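So the structure is just underneath, and the comments pick up after that.
Please read all numbers here as calculations on a predicted model, not as lab measurements.
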Amino acid sequence: MFYRWHVGTVAWVLHRLSGALIVFYLVLHIWVMSFLQKGPESFNRVMHLLENPLFKLLEIGLLGVVIYHSLNGIRLVILDLGYGMAHQKKMFWAVVVVGIVIFVLGAVPLYPF
Amino acid sequence: MEITFKILRFDPDKNKKPYYRKYTVKVEPGMTVLDGLNEIKWRQDGTLAYRRSCRSAICGSCAMTINGVNRLACNSQILALKRKTVVVEPLRRFPIIKDLIVDMDPFFEKMSIIKPYLITHSPAGLRERLQSPEERKLLDEPVTCILCGACTSSCPSYWYNKNYLGPASLFKAYRFVFDSRDEGTEERLRIISDRDGLWRCHSIFNCVEACPKSLNPTYAIAELKKKIVTTKL
Ligand code: HEM
Ligand code: SF4
Ligand code: FES
């Protein structure tokens with residue numbers, strides 16, 4: 001029982017995934033920041049751990065996730081206001097293109113190698 | 001041209017689970033999926049069950065999933081699908097009665113929840129309640145709906161929550177909320193802003209892709225969302 005993935009279906013699934021990932025990151029972020037309470041020593045140790053290139057790469061991934069969620073979020077708000085209903089697919093591709101441009105601009109300075 | 005029909009079959013008296021069965025049909029240009037099903041039922045296997053009546057896309061009986069998209073069988077030419085195999089399944093998320101026939105009761109129950117009739121409180125005059133052509137124009141899309149169910153059965157929000165009113169029912173709500181003669185707006189807006197109402201719409205647009213009458217239920221739902229946030233309930 002396969003049902004075709006339309007453009008709008010893909011946009012929705014990605015939006016939900018990205019929303020959940022950002023919430024997951026937010027929790028992680030608050031947890032990491034909570035080391036501040038334990039004094040400068042332990043906070044510095046955690047920060048040092050995060051200098052690992054692996055985390056830089058994850059950060060680049062997060063950038064992509066946030067960019068997609070924000071841009072598609074704007075697409076959804078525009079559609080909810082009743083504009084561009086006949087152009088929702090084009091608007092998705094605009095999200096992809098603009099997203100890739102912002103992603104590359106943001107990812108280059110973050111790239112650890 | 002020989003085309004294989006792969007049809008989801010289910011007879012609750014005989015089968016535990018639905019299963020696929022293949023048929024080969026000689027297809028002429030212009031033949032619709034409904035013609036193909038007729039060919040199978042009349043010449044190959046009389047036990048195949050499906051609904052149809054008008055064979056001209058107006059009664060809304062023959063909505064089914066064809067190659068993974070909801071369409072009307074009578075409105076879909078086989079060769080235009082451009083596949084050697086045509087997969088035909090009943091509308092998903094409605095209980096199967098037999099083969100391609102599903103129980104549409106849940107669909108029509110949701111239609112009646114939104115009170116699909118003109119509500120008036122002001123006394124009736126001596127003449128009809130008139131509309132201007134502009135006021136009438138707002139209703140062009142929703143009154144074209146043939147209640148086929150293709151949209152509701154294509155909606156991921158409905159797949160995961162069968163209590164969700166669904167695009168067709170909300171489209172019908174739009175038809176009355178935006179009817180200049182109707183006086184039941186508040187009542188109806190309360191009903192559709194219920195937890196299983198229009199906030200379950202995530203503007204996925206599967207309903208727009210599925211609608212055989214090229215209507216846009218998502219637009220209607222967005223207009224209703226706006227109406228609700230700008231109306232004091
Ligand atoms: C510019 C920033 C953002 C915009 C424009 C935006 C927009 C949206 C919109 C319009 C929705 C509703 C989608 C729907 O109805 O399906 C949504 C859902 C959601 N957002 Fe955001 N959002 C933004 C930032 C964030 C952030 C920072 C987080 C996490 C902390 C987040 C987490 C979520 C989650 C979990 C959902 C629910 C997903 C779903 O229902 O499919 N969003 N966002
Ligand atoms: S809106 Fe379109 S798909 Fe939905 S019931 Fe009406 S005609 Fe069928
Ligand atoms: S048979 Fe009436 S809509 Fe297809």
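- By the neighbour-count criterion of 12 heavy atoms within 6.0 Å, atom CZ of A/Phe24 is sparsely surrounded, having that number or fewer from other residues, nucleotides or ligands.
- Within 6.0 Å of the OH atom in B/Tyr20, the count of heavy atoms belonging to other residues, nucleotides or ligands exceeds 12.
- The distance from atom CG of A/Asp80 to atom OG1 of B/Thr218, rounded to the nearest 0.5 Å, is 10.0 Å.
- The minimum heavy-atom distance between A/Met85 and B/Ala222, with the atom names listed, is CE-CB, 3.7 Å.
- By the 4.5 Å heavy-atom criterion applied to side chains, A/His6 and B/Val69 are counted as neighbours.
- The residue among A/Phe2, A/Trp12, A/Trp5 with the most heavy atom pairs within less than 4.5 Å of chain B is A/Trp12.
- In this structure, the separation between CG on B/Asn70 and CZ on A/Arg4 is 11.0 Å, given to the nearest 0.5 Å.
- For B/Leu8, the part sitting under 4.5 Å from any heavy atom of chain A is the side chain, from C-beta outward, and nothing else.
- Taking the side chain as every heavy atom from C-beta outward, B/His202 and A/His15 never approach each other to under 4.5 Å.
- Contact check for B/Glu209 versus A/Lys89: side-chain heavy atoms found under the 4.5 Å cut-off.
- For B/Tyr219, the OH atom is loosely surrounded, since the number of other residues' heavy atoms within 6.0 Å does not exceed 12.
- When ring centroids are compared, A/Tyr3 and B/Trp159 come within the 6.0 Å threshold.
- To the nearest 0.5 Å, atom CD of residue A/Gln88 and atom OG of residue B/Ser203 are 9.0 Å apart.
- Taken from CG in A/Leu81 to NZ in B/Lys226, the straight-line distance is 6.5 Å, to the nearest 0.5 Å.
- Taking OG1 from A/Thr9 and CZ from B/Phe205, the interatomic distance works out to 11.0 Å, rounded to the nearest 0.5 Å.
- Heavy-atom distances place the side chain of A/Leu76, and not its backbone, under 4.5 Å from chain B.
- Taking a 6.0 Å sphere around CZ of B/Arg181, one finds it holds more than 12 heavy atoms contributed by other residues, nucleotides or ligands.
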